*Asks:* 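Quick one: structure below, then a few questions.
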Number of protein chains: 2
Amino acid sequence: MRLSNLADYAVVTMCAAARHCGSARVSAAELAEETGLPAPTVQKLVSLLSRAGLLRATRGSGGGLQLARPAAAITLADIVEAVEGPIALTSCVEQGRHDCALEGSCNVRPHWTIVNDALRGALANVPLTQLSSPFASSEVEKQVRERVSTSLDTNGVLL
Amino acid sequence: MRLSNLADYAVVTMCAAARHCGSARVSAAELAEETGLPAPTVQKLVSLLSRAGLLRATRGSGGGLQLARPAAAITLADIVEAVEGPIALTSCVEQGRHDCALEGSCNVRPHWTIVNDALRGALANVPLTQLSSPFASSEVEKQVRERVSTSLDTNGVLL
DNA sequence: GCCAAATCAGACTGTTTCGTTCCGAATTGC
DNA sequence: GCAATTCGGAACGAAACAGTCTGATTTGGC
């Protein structure tokens, strides 16, 4: 039920990378210094994020990192999935997995599907642009709360 | 991001226990046989669930288990918290924990609070009575979907 | 064309948590 | 008082995670 530390760090790292959108190239070492995270950890993170297609890495002298997509097109769900894999509270909601012996007759499974969709929807409705907004905490919270509630209302049944 | 197996098993176990609401006492061994889970695992689960106040255990010959509260008053959130502790995606949303060095100036934290509340709300809106309903899967899913969406609408901003 | 600097990418090790199993304490019924 | 049956807590083994390190690749300057 708890998110892994790497996923949490990945969000902070992406948030820092989004601030350097103007100056195209940022090194992993710079991101480490800004975020206060250990440099090797940031290196591992940018590796995962690059493989997932969220960051674009250019090698060589003067190289660095930049967002592969506009910050508005990157959500919390993207970052979490890049680090932890598909969002699946239980193994039975994961596509292609059929370990559970009960399967068809299980009454609990449909509920997990709903809850899982709710969670993923909540994550997918927080874009990276909002994460790096410089407002005060209380102000940001107010904005996010409005955004999530309206998105839930819009999506309706699907959540 | 994934739920622990024990939490998943706990839901199945509680679901099985709810069906024996009439016959007050059920042994852990019986529950293990019905659910197909290993008997020692079920023993550990009932221990956790009893300590959390969801099950009432009576010792001695002829003893057994029974729900401590009506099934309608037990939700997925109760069961998950009994096994895994407080629902907290990140350590910064957990009460009494202040490990993060950023703390006050963190822009990400308010977002985690919102997402965490959304998750907890989704879990708290699924009572045990609904988990043990004998309908077909598709029918159950339809009911749950309606229930969750209406609850979201009711809670409005809070979720 | 070559060298050197700087970068990312993958593999490795120690630690923590999870899952499972086992054995002991307690209580009831005969 | 005895025995059977039950729960409760402690211990073991396994898997995943977090963190660190070294190597492969590319660019820029000489």
Side-chain angles (χ1 to χ4, degrees), chain A residues 1-13 17 20 24-33 35-66 68 80 82-85 88-91 99, chain B residues 1-13 17 20 23-33 35-68 80 82-86 88-91 99-100:
Chain A
M1 180 90 326
R2 183 184 272 103
L3 208 63
S4 72
N5 289 350
L6 279 187
D8 195 359
Y9 297 163
V11 174
V12 177
T13 301
H20 291 273
R25 315 284 169 70
V26 191
S27 69
E30 288 182 78
L31 291 177
E33 191 171 1
T35 57
L37 298 173
T41 300
V42 175
Q43 283 191 357
K44 187 186 181 74
L45 284 175
V46 299
S47 176
L48 289 172
L49 293 169
S50 298
R51 198 185 312 178
L54 298 182
L55 287 179
R56 191 71 186 172
T58 55
R59 289 186 170 182
S61 177
L65 302 158
Q66 50 186 351
V80 171
V83 177
E84 297 204 344
L89 287 177
T90 61
S91 59
D99 304 337
Chain B
M1 180 88 326
R2 183 185 272 103
L3 209 64
S4 71
N5 288 349
L6 279 187
D8 194 359
Y9 298 163
V11 174
V12 176
T13 301
H20 292 273
S23 57
R25 314 284 169 70
V26 191
S27 69
E30 287 182 79
L31 291 177
E33 190 171 1
T35 57
L37 298 173
T41 299
V42 175
Q43 282 191 357
K44 186 185 181 73
L45 284 175
V46 298
S47 176
L48 288 172
L49 294 169
S50 298
R51 197 185 313 178
L54 298 182
L55 287 179
R56 191 72 186 172
T58 56
R59 287 186 171 182
S61 177
L65 303 159
Q66 51 186 351
L67 295 181
V80 170
V83 176
E84 298 203 343
L89 287 176
T90 61
S91 60
D99 304 338
C100 186

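Model, not experiment: these values are computed from the prediction.
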*Asks:* In the structure I gave you, are the side-chain heavy atoms of B/H20 and B/L65 within less than 4.5 Å of one another anywhere?
*Replies:* no
*Asks:* Nearest to the side chain of A/S4, heavy atoms from C-beta on, is which of C/dC8, D/dC7, D/dC17?
*Replies:* D/dC17
*Asks:* B/L65 side chain: which of D/dA18, D/dG8, D/dC7 is closest?
*Replies:* D/dC7
*Asks:* Considering only side-chain heavy atoms of B/Q43, which listed nucleotide, D/dT20, C/dG19, D/dG8, is closest?
*Replies:* D/dG8
*Asks:* Using the side-chain heavy atoms of A/Y9, tell me which of these nucleotides is nearest: D/dG19, D/dT5, C/dT21.
*Replies:* D/dG19
*Asks:* Between B/S47 and B/Q43 (side chain of the first, backbone of the second, donor and acceptor by atom type, cut-off under 3.5 Å), is there such a pair?
*Replies:* no
*Asks:* Starting at atom CD of B/Q66, determine the distance to atom P of D/dT6, rounded to an integer number of angstrom.
*Replies:* 15 Å
*Asks:* Which whole-number value in Å describes the distance from B/M1 CE to D/dA16 P?
*Replies:* 17 Å
*Asks:* Between the base of D/dT20 and the side chain of A/K44, is there a donor-acceptor distance below 3.5 Å?
*Replies:* no
*Asks:* What I'd like to find out is whether the side chain of B/E84 reaches to under 4.5 Å of the side chain of B/L3, using heavy atoms alone.
*Replies:* yes
*Asks:* Send over the distance from B/R2 CZ to D/dA15 C1', rounded to a whole Å.
*Replies:* 13 Å
*Asks:* Look at the side chain of B/R59 and decide which nucleotide, out of C/dG10, D/dG9, D/dC7, has an atom nearest to it.
*Replies:* D/dC7
*Asks:* Go through D/dG8, C/dG10, C/dA6 for me and flag the one nearest to the B/S47 side chain.
*Replies:* D/dG8
*Asks:* Main chain of A/G64, side chain of A/T58: is a donor-acceptor contact present, judged purely on distance under 3.5 Å?
*Replies:* yes
*Asks:* Heavy-atom nearest nucleotide on DNA chain D for A/P38 versus A/S61: which residue maps closer to 5'?
*Replies:* A/P38
*Asks:* For the pair made of CZ in B/R56 and C1' in D/dT6, what is the distance, rounded to whole Å?
*Replies:* 15 Å
*Asks:* Which one, D/dC7, C/dT20, C/dA9, comes nearest to the side chain of A/A57?
*Replies:* C/dA9
*Asks:* Tell me, do B/L45 and B/L6 make a side-chain contact under 4.5 Å, heavy atoms counted?
*Replies:* yes
*Asks:* Given atom CG of B/L48 and atom P of C/dT17, what is their separation to the nearest angstrom?
*Replies:* 16 Å
*Asks:* Just to confirm, is there a sub-4.0 Å distance from OP1 or OP2 of D/dC7 to any side-chain nitrogen or oxygen of B/R51?
*Replies:* no
*Asks:* Of the nucleotides C/dT21, D/dG9, C/dG19, which one has an atom closest to the side chain of B/T41?
*Replies:* C/dT21
*Asks:* For A/N5 and D/dT20, what is the distance between atoms CG and P respectively, to the nearest whole Å?
*Replies:* 13 Å
*Asks:* Pick base, sugar-phosphate or nothing for B/A28, based on heavy-atom distances below 4.0 Å to the nucleic acid.
*Replies:* sugar-phosphate
*Asks:* What is the separation between atom CG on B/L3 and atom P on C/dT17, rounded to the nearest whole Å?
*Replies:* 18 Å
*Asks:* Distance-only, no hydrogens or angles: does the A/S50 side chain make a donor-acceptor pair with backbone N or O of A/R56 under 3.5 Å?
*Replies:* no
*Asks:* Heavy atoms from C-beta onward define the side chain here; which of D/dG8, D/dG19, D/dG28 lies closest to that of B/S50?
*Replies:* D/dG8
*Asks:* Send over the distance from B/L45 CG to D/dG9 C1', rounded to a whole Å.
*Replies:* 15 Å
